[in-house]
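Here is the structure we will look at, set down as structure tokens.
For the single chain, residues carry numbers from 1 onward in sequence order. Both backbone and side-chain heavy atoms feed into the values below; hydrogens, waters and symmetry mates do not.
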Amino acid sequence: MELQRRHVIVYGFVQGVGFRFAVERAARSRGVAGWVRNRPDGTVEAIFEGAPADVASLVEACHSGPRGAEVERVEVEAESPEGLSAFEVR
């Protein structure tokens with residue numbers, strides 16, 4: 001299976017609203033591996049690895065986030081897959 005990897009940074013009001021846990025649930029339901037974490041600058045950073053359609057769907061979900069989040073913008077960068085096998089909140 002072809003794997004795709006995306007490095008995502010989400011800007012806006014995205015901490016303290018359950019963003020990381022919403023991303024974790026969405027990733028696990030799609031079978032996407034990687035991780036998500038809050039950064040000191042108030043953004044949320046994530047790595048997604050999986051089937052291209054599943055990764056694209058997850059990136060798209062980051063544009064809205066959970067209820068209470070106010071996403072200003074999402075930066076997405078393609079990277080080479082590392083073969084991650086699980087998803088974690090850091």
Shared hydrophobic cluster for V44 and V76 (ILVMFWY, side-chain gaps under 4.5 Å) = yes
Could you walk me through whether E75 and R73 pass the side-chain contact (heavy atoms from CB on, under 4.5 Å) check?
-> CA-CA 7 Å; E75 290 181 359; R73 76 179 198 274; 3.2 Å; yes
Please check if V8 and I47 belong to a single hydrophobic cluster, counting links between Ile, Leu, Val, Met, Phe, Trp and Tyr side chain heavy atoms closer than 4.5 Å.
-> no
Around R90, counting heavy atoms of other residues, nucleotides and ligands shown, do more than 12 lie under 6.0 Å from its CZ?
-> yes
Group every Ile, Leu, Val, Met, Phe, Trp and Tyr by side-chain heavy-atom contacts under 4.5 Å, then state whether I9 and F13 land in the same group.
-> no
Does the pair R6 and E77 meet the rule for a salt bridge (charged side-chain N to carboxylate O under 4.0 Å, His left out), with working shown?
-> CA-CA 6 Å; R6 293 292 179 266; E77 191 175 311; over 6 Å; no
Minimum heavy-atom distance between E70 and V14, given as atom pair plus value | O-CG1, 4.4 Å
Rounded to the nearest 0.5 Å, the CD atom of E45 sits from the CG atom of N38 at a distance of 10.5 Å
Close side-chain approach of F87 and V36, heavy atoms under 4.5 Å | yes
Under a 4.5 Å side-chain heavy-atom rule over Ile, Leu, Val, Met, Phe, Trp and Tyr, are L58 and V17 clustered together?
-> yes
Salt bridge present between R20 and E24 (N-O < 4.0 angstrom) | no
Going from CD on E49 to OG on S80, what distance comes out if it is rounded to the nearest 0.5 angstrom?
-> 9.5 Å
Taken to the nearest 0.5 Å, the spacing of R39 CZ from Y11 OH works out to 5.5 Å
Calculate, to the nearest 0.5 Å, the distance between atoms CZ and OG1 belonging to R37 and T43 respectively.
-> 9.0 Å
Least distance between heavy atoms, G65 atom then F19 atom | CA-CE1, 3.5 Å
Rounded distance [0.5 Å steps], CG in D54 versus OG in S29 | 8.5 Å
Where do S64 and A69 come nearest, in terms of heavy atoms and distance?
-> O-CB, 4.2 Å
Is there side-chain contact between V23 and C62, with heavy atoms separated by less than 4.5 Å?
-> yes
Interatomic distance, OG@S57 vs CZ@F48, rounded to 0.5 Å, equals 10.0 Å
Identify whether V59 and L84 are in the same connected component of the hydrophobic contact network (ILVMFWY, side-chain heavy atoms under 4.5 Å).
-> no
Which heavy-atom pair separates P66 from A22 by the least distance, and what is that distance?
-> CB-CB, 3.9 Å
Classify the ring geometry between W35 and H7 as parallel (under 30°), tilted (30 to 60°) or perpendicular (over 60°).
-> tilted
